[in-house]
Number of protein chains: 2
Amino acid sequence: MLRIALFDDNKKFCDSFSVLLEGMEELKLNGIFPDCRDLEQKIRKCQPDVVLMDIEMPGVNGIEATREIRLKFPEVKVLIQTVFEDHDKIFHAICAGANGYLLKSTPPSKIIDAILDVSQGGSPMSPSVARKVLFLLQNYGDAGNKASTVDFKLTAREKEILAWLVSGLSYKLIAEKCGISYETVRTHMKNIYEKLHVASMTEAVAVALQNKLLP
Amino acid sequence: MLRIALFDDNKKFCDSFSVLLEGMEELKLNGIFPDCRDLEQKIRKCQPDVVLMDIEMPGVNGIEATREIRLKFPEVKVLIQTVFEDHDKIFHAICAGANGYLLKSTPPSKIIDAILDVSQGGSPMSPSVARKVLFLLQNYGDAGNKASTVDFKLTAREKEILAWLVSGLSYKLIAEKCGISYETVRTHMKNIYEKLHVASMTEAVAVALQNKLLP
DNA sequence: AAGGGTATCCCTAATTATGGGGATTGTTTC
DNA sequence: GAAACAATCCCCATAATTAGGGATACCCTT
């Protein structure tokens, strides 16, 4: 017999879900909560095997709650159930440790299937979610491995100065580190700005890090 | 009616698959190939809507073939069908552009379902593959957060200001963007500096990016 | 020998950031 | 209701960066 906890601020959905599980032998609804306040206590009290989690709730949102549950109770599975199907929500939910991701449009019988699936270590997803997950994996996987997207053709000296800049040194300190004058650093910086199409130290640092220009 | 092409060097599997599709109205097996030589010609000749692709084959492997098909014929869907379920194969297949990933243990009826699913833009996966896909996405997404386990506990406003800073804005412009005064921005920055243990904009930007503090 | 690129140095002036003090108004928490 | 925190605003003084304009010297290629 599986213990279920439901976090959802939509009373209608909670009611119909409650009716759905009524009389089921394998599943028991151990707790219904409209928000995630005192999350740890709630989980500790009803000891669920599977948590059904909405994303949009007052106070702490479902993604952060998922992260907390998965961290503090690794054996508890979290099944997201939401109306959102944008890449961002899906990505963050999965990074937070969600074990499955269903859309609210999922028919009741499929929800039951998904709960059983997730309790056995599976990862149920609505079809359009699955497609987006593959898309994300494809893109994030590539993005992480890609060394640098653009070649800004910085010289070795410029890269060196940029590296010192990223590590927080001022012009004056960079000059000392490199054994050159303050004015030379300034000239190099001007050239770096041109090559990176930026106009300030912060932008230069941002471009350098975002394009992985430094080793 | 969907046209199917099958790439698999296992004659037994090809035969039984051929029998499976015999007499089906919606699906037509337009080509069976034991390897990927002259891949482009083969695809051009049988014009499939869906390709069923094994991974282990003599010569070019199924993952490379998948990449080529998805590049040259973006409208053709590729459904991997293999005995391999290791993270590496799954990851590379998806990065190569696979639209779905089934294990060879999948029952025939599910294979048919998956073909129909993938042809309509879905992403069918065997359950254990789905679990691994989530695992992969989670790890690639976390990769950045893993670097520093430190939580700097910035407030929402502080994060917002930091985000503008990273995008290159000066205090004055940030003040305008946020609709607050220059002095308030300064106060926030002072607090950010303390929390990040830095003492300049460049360091703040560097710490923010290196620890992926921003969405 | 001329041109292109790199690295080095200099000036003035304006703009911007930093460090040190303050303060008030809310909200949340105990 | 006091304490803690977040967000807002202010002043003074100093330090640092940026935008213009210059310059010389060296190496390499054509």
Side-chain angles (χ1 to χ4, degrees), chain A residues 34-42 57-61 64-65 68 151-209 213-214, chain B residues 150-209 213-214:
Chain A
D35 60 60
C36 296
R37 267 175 294 191
D38 307 316
L39 180 62
E40 199 170 342
Q41 287 176 35
K42 284 172 177 167
M57 278 181 291
V60 179
N61 76 55
E64 282 316 309
E68 192 179 338
D151 183 13
F152 293 94
K153 287 178 181 159
L154 296 180
T155 68
R157 197 54 150 173
E158 286 163 354
K159 278 182 194 168
E160 188 191 347
I161 287 172
L162 193 50
W164 287 121
L165 194 74
V166 167
S167 65
L169 270 57
S170 67
Y171 286 10
K172 197 162 59 168
L173 291 178
I174 294 174
E176 280 176 28
K177 277 277 183 198
C178 295
I180 57 180
S181 87
Y182 176 85
E183 288 300 327
T184 307
V185 176
R186 269 170 47 62
T187 309
H188 282 307
M189 287 304 298
K190 287 179 199 172
N191 296 329
I192 291 171
Y193 283 9
E194 252 194 40
K195 289 184 182 177
L196 302 190
H197 305 294
V198 299
S200 69
M201 293 203 300
T202 48
E203 282 181 291
V205 169
V207 170
L209 289 175
L213 297 181
L214 312 169
Chain B
V150 190
D151 181 13
F152 294 97
K153 287 177 180 158
L154 296 181
T155 67
R157 196 55 147 174
E158 286 163 356
K159 279 183 195 167
E160 187 191 349
I161 287 172
L162 193 51
W164 287 121
L165 193 74
V166 168
S167 66
L169 270 57
S170 67
Y171 287 9
K172 197 162 64 167
L173 291 178
I174 293 173
E176 280 176 29
K177 276 279 181 196
C178 295
I180 57 181
S181 87
Y182 175 85
E183 288 300 328
T184 306
V185 175
R186 260 169 57 61
T187 307
H188 282 306
M189 288 303 297
K190 286 177 196 174
N191 295 330
I192 291 171
Y193 282 11
E194 255 196 36
K195 289 184 181 177
L196 302 190
H197 305 294
V198 300
S200 69
M201 292 202 303
T202 47
E203 283 180 290
V205 169
V207 170
L209 289 176
L213 298 181
L214 313 170

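Any value given below was found using the heavy atoms of this structure, including those in side chains, with hydrogens, waters and symmetry copies removed. Predicted model only: the values in this text are computed from it and were never measured.
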Using residues 198-209 of chain B as the side-chain source, report each donor-acceptor pair under 3.5 Å to any protein atom, sequence neighbours left out, with the distance given to one decimal.
| unit_1 | atom_1 | unit_2 | atom_2 | d |
| --- | --- | --- | --- | --- |
| B:Ser200 | OG | B:Thr202 | OG1 | 3.1 |
| B:Ser200 | OG | B:Glu203 | N | 3.4 |
| B:Ser200 | OG | B:Glu203 | OE1 | 3.4 |
| B:Glu203 | OE1 | B:Ala199 | N | 3.1 |

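Using modelled atom types, one side-chain atom of A:Lys42 and one backbone atom of A:Arg37 make a donor-acceptor pair closer than 3.5 Å.
With rounding to whole Å, A:Lys159 atom NZ is found 17 Å from C:dA7 atom C1'. Rounding to whole angstrom units, CD1 of residue A:Ile192 and C1' of D:dT18 are separated by 14 Å. Atom-to-atom, CE of A:Met189 to P of D:dT17 comes out at 9 Å; the value is rounded to the nearest Å.
Nearest heavy atom pair, residue A:Met57 against residue A:Asp35, reads SD-CA, 4.1 Å.
The side-chain heavy atoms of B:Arg186 and B:Lys190, taken from C-beta on, include a pair separated by under 4.5 Å. Looking at B:Thr155 and B:Asn191, their side chains never come closer than 4.5 Å, going by heavy atoms from C-beta outward.
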- Query: Which letters describe nucleotides 5-16 of chain D, given B = protein heavy atom under 4.0 Å from base, S = only from sugar-phosphate, - = neither?
  - Reply: -SSBBBB----S
